[in-house]
Amino acid sequence: AAAALPDDPATATAGHACAFARDLAAALAERPHSISPKYFYDERGSQLFDRICELPEYYPTRTEVSILTAHAREIAACMGPRAEIVEFGAGSLRKVRLLLDALDRPARYLPIDISGEHLAGAAGVLQRDYPGLAVQPVVADYTQRLLLPAPLPGAGRRVGFFPGSTIGNFTPDEAVQFLAVAARVLRGGALLLGVDLVKDPAILHAAYNDAQGVTAEFNLNLLARANRELGATFALDQFFHSAFYNAPRQRIEMHLVSRCRQRVALGGRAWELEEGESLHTEYSHKFTVAGLRDLASRAGFRPGPVWTDAKRLFSVHWLQA
Ligand code: AVI
């Protein structure tokens, strides 16, 4: 319970014109405590995520890259000549290069990201390496309404690219909403979607509880970030990283668990956490191939070819819009 809990948690941080402060205060005011995983990704969090992608236990990145590499020609054939690639998020330049290198005269690359700075950097690098490609960043929150520029004259299919199984970080409702928005803006084209698959829970457990503790640091960075940016007083050593597979819900859940009964100051208030109480920070849903195709159909796509690795760890879906 918060000392002097306000009626409306959003008003607790009035004056801090900051979504993180508002959402964290709201998370501490409600039980169970839960905050969006989007707050992992400040500069430090993005660096830690890059390290996660290199970990021996974290199979998704290298498996998806191997699938895209092995099937680049087939994927390029689906895309056709002069395709426009719309990437949701601007983090995976390595992956989009695999597509660009296989494509027949790609017309334009439109990375969409909420962070204009990150986007400009990523776009600049790609433009240098592909001088013939029109690179046009779009600053937008792609989980909301999305307006895209008109197709270039003579451009081919418009293909969305959403790799990394980031769709698994949405709640099921958010995933359907995202897919419905994507189906609308890509109408006549397609979505190339990277999706992590349901598998042996031991493999999943290891991927989110790596031996080097990088995932733990990534999770705890959310509290470190609150201390840095919001002047919060989270004692980092009084919380531990917890990640477990919830089999009925087909998802990894990540939490930050309080080691003791403690008080934290944020936004001019004190918030109390009980021993063992947690702040939920992330879902990472896993899918079956059939389950994902069904979800995509309900959002307005016509599911096409699916590519997977030999161990069926990860999948890449061609969804016609
Ligand atoms: C970005 N996203 C798909 C990652 C995942 O696996 O859900 C984030 C992550 N969380 C812990 N490790 C990696």
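We count ligands from 1, going down the list as the structure has it; atoms in each ligand are counted the same way.
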task = Dump the intermediate steps for ring pair (Phe, Tyr, Trp, His ring centres under 6.0 Å) on Phe178 and Phe170, then the final yes or no.
result = CA-CA 9 Å; Phe178 165 77; Phe170 295 151; 5.6 Å; yes

query = Would Phe218 and Phe40 satisfy ring pair (Phe, Tyr, Trp, His ring centres under 6.0 Å), going step by step from the backbone distance to the final call?
reply = CA-CA 7 Å; Phe218 172 71; Phe40 283 142; 4.4 Å; yes

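Annotation: the span from Ile52 atom CD1 to Gln212 atom CD amounts to 11.0 Å, rounded to 0.5 Å.
The closest donor-acceptor contact from the side chain of Asp104 to the backbone of Ala76 lies at 3.5 Å or more, if one exists at all.
Under the 4.5 Å side-chain contact rule for hydrophobic residues, Trp307 and Leu103 share a cluster.
In this structure, the side chains of Leu191 and His317 stay at 4.5 Å or more apart for every pair of heavy atoms.
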Dump the pairs for me: ligand 1 N or O, protein N or O, distance under 3.5 Å, to 0.1 Å.
| unit_1 | atom_1 | unit_2 | atom_2 | d |
| --- | --- | --- | --- | --- |
| ligand 1 | 2 (N) | Asn169 | OD1 | 2.8 |
| ligand 1 | 6 (O) | Tyr58 | OH | 2.5 |
| ligand 1 | 6 (O) | Tyr208 | OH | 2.5 |
| ligand 1 | 7 (O) | Asn169 | ND2 | 2.9 |
| ligand 1 | 7 (O) | Ser284 | OG | 2.6 |
| ligand 1 | 10 (N) | Glu282 | OE1 | 2.7 |
| ligand 1 | 10 (N) | Glu282 | OE2 | 3.3 |

